[in-house]
Amino acid sequence: MPELPEVETIARAIETEVVGGTIVSADVLWPRTLAAPSVKKFKELVKGQKIKAVSRRAKYLILVLEDYNLLIHLRMSGDLIVRTGKIKPEKHDRLILFLRSKNGRESQLAFNDTRKFGRVWFTDQPETVLGKLGPEPLEKEFTPQWLFENLHKKKRQLKPLLLDQAFLAGLGNIYTDECLHIAKLHPLALSNSVSQKQAKALHEAIQSVLKEGIRRNGASIDWVYRGGDFQNYFRVYDREGKPCPVCGIEIQKFTVGQRGTHVCPKCQVIERK
DNA sequence: CCTGAAACCTGTCTGC
DNA sequence: TGCAGACAGGTTTCAG
C-alpha cells in the first residue's frame with residue numbers, strides 16, 4: 001500500500017513528534033514483525049536509545065537512534081501512529097515503542113499492520129538491508145540518461161521493471177500505472193525498446209507524479225492513510241471503465257506480473273517495428 | 001536472464 | 001442471509 005509518497009508523508013508526520021525523545025521500552029505483539037534481531041535482544045538494546053532523526057530511503061522509514069537504526073517497511077497495510085495517554089494496544093498493533101520526550105511527556109509510537117506483512121529491522125548496519133536498492137527517483141543521481149541506459153541493459157516488461165526496487169526504489173502499483181500513462185508507455189512494452197525521447201518522458205512522469213503524490217500527502221484508499229487526497233486525482237489507477245482524462249476512451253484493467261494494471265488502450269500502445 | 005506462480009496475512013466486497 | 005471466491009498500495013522465493 002504505501003509507496004514512496006505515503007512513506008514520505010508518514011515520515012514528515014511523525015518527525016516532529018518523536019525526534020528528541022528517548023525509547024523507554026518496547027513491546028513486540030507479533031514477533032514476525034521484527035526481522036532482526038531476536039525479540040529479547042531488541043528489547044534490551046533499544047532501551048534508552050534516543051531518537052536523533054527520522055528519514056526515508058525508498059519505502060523504508062528510518063529512525064536514526066544513537067547507536068542503531070530502526071528500519072521500518074510498511075509493506076501492504078502498515079502504518080505508524082503516535083499516541084499519547086493510551087495504554088492499551090489497538091487492534092492490529094504489532095510493535096510499540098514507548099517514548100519519553102525531553103520535557104518528560106510520555107507517548108508511544110505504534111506500528112499497526114492489519115496484514116502482518118510489514119517488517120522492522122534494528123541494526124547498526126543499515127546497508128545490509130538497504131544496500132540492494134536502486135536510485136532514489138527524486139534525487140539527482142536519477143537522470144533521463146541514466147534511465148535510458150539502464151532500461152537498455154535489460155529486456156523486461158516495463159511495469160515489473162519499474163516495480164523492481166533494485167532497479168528504481170520507491171514506485172509501487174499506483175504510481176507506476178500513473179506514470180506509464182503520463183508517459184504514454186504500455187506496461188508490457190520491453191524496456192530495451194524505449195527510445196531516448198520516451199525515456200525522457202518517463203523520467204519526467206515519474207518525478208512529477210511522485211511530487212504530486214507528496215504534495216497531496218499521498219493516497220488514502222479505504223480507511224488507510226487518513227489525510228492524503230491523491231486518490232481523487234488518479235488518471236488510470238482504480239478507474240476501470242471510466243474515461244481516460246486525455247482522450248476519453250474507457251480505461252481498461254488487466255493483470256501484469258500478478259498486479260492489477262490500468263491503461264488507456266488508445267494513449268498507451270506498444271510500438272513494434 | 002526473464003516470467004509467472006505461490007507464499008506470507010486479514011479484511012472487504014461481489015455474486016450466486 | 002450466508003458463503004465461496006476474488007482482490008487489495010509489497011516483497012521473496014522457486015520453477016520452468
Side-chain angles (χ1 to χ4, degrees), chain A residues 1-11 29-36 56-61 71-80 90-95 111-121 128-134 137 150-180 187-193 206 209-210 212-214 216-241 253-262:
Chain A
M1 118 220 230
E3 307 179 34
L4 187 155
E6 288 75 30
V7 178
E8 178 69 23
T9 300
I10 293 172
L29 296 96
W30 179 256
R32 296 189 67 173
T33 295
L34 190 60
R56 177 192 62 73
R57 169 76 169 104
K59 301 174 193 173
Y60 292 83
L61 259 149
L71 309 175
I72 304 167
H73 199 305
L74 275 19
R75 295 278 174 93
M76 291 291 264
S77 58
D79 197 4
L80 282 174
E90 305 262 322
K91 193 173 184 184
H92 303 135
D93 279 357
R94 307 303 180 196
L95 188 150
F111 176 62
N112 185 283
D113 182 24
T114 304
R115 291 177 69 181
K116 299 177 174 174
F117 290 161
R119 290 293 180 266
V120 173
W121 294 258
T128 59
V129 180
L130 306 176
K132 287 181 180 168
L133 291 171
N150 283 276
L151 286 173
H152 281 257
K153 287 179 186 169
K154 310 269 184 186
K155 188 175 182 180
R156 290 180 57 185
Q157 299 166 345
L158 269 186
K159 175 163 176 178
L161 182 57
L162 292 175
L163 286 172
D164 183 343
Q165 303 295 298
F167 180 77
L168 183 65
L171 290 176
N173 206 34
I174 293 176
Y175 293 87
T176 300
D177 278 5
E178 293 295 303
C179 72
L180 286 171
L188 290 175
L190 290 179
S191 58
N192 65 343
S193 74
I206 290 169
V209 85
L210 288 175
E212 182 184 5
I214 292 171
R216 301 193 187 284
N217 295 315
S220 319
I221 302 182
D222 300 331
W223 65 101
V224 191
Y225 298 103
R226 58 286 145 187
D229 67 344
F230 183 57
Q231 70 279 6
N232 298 325
Y233 301 89
F234 290 161
R235 296 154 177 83
V236 289
Y237 184 84
D238 201 22
R239 294 194 63 246
E240 181 182 21
K253 181 177 180 184
F254 56 99
T255 300
V256 176
Q258 296 182 301
R259 312 300 300 277
T261 297
H262 311 75

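The figures here come from the full heavy-atom set of this structure, side chains too, leaving out hydrogens, waters and symmetry mates. Chain identifiers are assigned alphabetically (A, B, ...) following the order of the sequence lines, protein sequences preceding nucleic acid strands; residue numbering begins at 1 within each chain.
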For this session: Give the rounded distance in Å between these two atoms: NZ of A:Lys159 and C1' of C:dG10.
Result: 12 Å
For this session: Scan A:Tyr175 against the nucleic acid and name what it touches under 4.0 Å (heavy atoms): base, sugar-phosphate only, or nothing.
Result: nothing
Exercise. For A:Phe117 and B:dC8, do the ring centres fall under 5.5 Å apart while the planes stay under 30° apart?
Worked result: yes
Problem set entry | Atom-to-atom span, CG of A:Asp79 to C1' of C:dG9 - whole angstrom | 12 Å
Exercise. Mind checking whether A:His73 and A:Tyr60 have parallel, tilted or perpendicular rings, split at 30° and 60°?
Worked result: perpendicular
Exercise. Over how many whole Å does the gap from A:Leu71 atom CG to C:dT11 atom P extend?
Worked result: 14 Å
For this session: Quick one: label A:Arg32 by what it contacts on the DNA or RNA (base, sugar-phosphate, nothing), any heavy atom closer than 4.0 Å.
Result: sugar-phosphate
Exercise. So what does A:Lys91 touch, heavy atoms closer than 4.0 Å: a base, only the sugar-phosphate, or nothing?
Worked result: sugar-phosphate
Exercise. Looking across every strand, which nucleic acid part, if any, lies under 4.0 Å from A:Lys153 by heavy atom: base, sugar-phosphate, or nothing?
Worked result: nothing
Exercise. Looking only at atom types and distance, does a side-chain atom of A:Arg94 sit under 3.5 Å from a main-chain N or O of A:Asp113, one as donor and one as acceptor?
Worked result: yes
Exercise. Taking all non-hydrogen atoms of both residues, which atom of A:Leu210 and which atom of A:Pro137 are closest, and how far apart?
Worked result: CD1-CG, 3.6 Å
Exercise. Starting at CG of A:Asn232 and ending at C1' of C:dG9, how long is that distance when rounded to a whole Å?
Worked result: 16 Å
Exercise. Given that A:Gln165 and A:Arg115 both sit by DNA chain C, which one's nearest nucleotide is further toward the 5' end?
Worked result: A:Arg115
Problem set entry | Of A:Arg156 and A:Gln258, the one whose closest DNA chain B nucleotide lies more 5' | A:Arg156
Seminar exercise, completed: B:dG15 -> Watson-Crick or G-U wobble partner, both distances under 3.5 Å, gives C:dC3
Problem set entry | Phosphate OP1/OP2 of B:dG11 contacted by A:His92 side-chain N/O (<4.0 Å) | yes
Problem set entry | Length of the line joining A:Glu3:CD and C:dA8:C1', which is rounded to integer Å | 12 Å
For this session: Using a 4.0 Å heavy-atom cut-off across all strands, classify A:Gln157 as base, sugar-phosphate, or nothing.
Result: sugar-phosphate
For this session: Determine whether the side chains of A:Tyr233 and A:Glu178 contain a donor N or O and an acceptor N or O closer than 3.5 Å.
Result: no
Problem set entry | Interatomic distance, A:Lys132 NZ vs C:dG10 P [rounded to whole Å] | 20 Å
Exercise. Would you say a side-chain N or O of A:Lys155 is under 4.0 Å from OP1 or OP2 of B:dC2?
Worked result: no
Exercise. Is any side-chain nitrogen or oxygen of A:Lys253 closer than 4.0 Å to OP1 or OP2 of C:dA8?
Worked result: yes
For this session: With P as the reference atom in both, quote the distance from B:dC13 to C:dG9 in angstrom, rounded to an integer.
Result: 15 Å
Exercise. Quantified in whole Å, what is the P atom distance between nucleotide C:dC3 and nucleotide B:dC8?
Worked result: 25 Å
Problem set entry | Mate of B:dA6 where both pairing distances stay under 3.5 Å, Watson-Crick or G-U | C:dT12
Exercise. Using a cut-off of less than 4.0 Å, is there contact between a side-chain N or O of A:Arg75 and OP1 or OP2 of C:dA8?
Worked result: no
For this session: Take atom CG of A:Asn173 and atom P of C:dC7, then tell me their distance rounded to the nearest Å.
Result: 13 Å
Seminar exercise, completed: Whole-Å distance, A:Lys59 NZ to C:dT12 P, equals 10 Å
For this session: Please assess A:Lys159 against A:Asn173 for the test side-chain hydrogen bond (donor to acceptor under 3.5 Å, both in side chains), listing each intermediate value before the final yes or no.
Result: CA-CA 9 Å; A:Lys159 175 163 176 178; A:Asn173 206 34; 2.6 Å; yes
Seminar exercise, completed: Heavy-atom nearest pair, A:Pro2 first then A:Leu74, reads CG-CB, 3.3 Å
Exercise. C:dT1 and B:dT10: how far apart are their P atoms, nearest whole angstrom?
Worked result: 26 Å
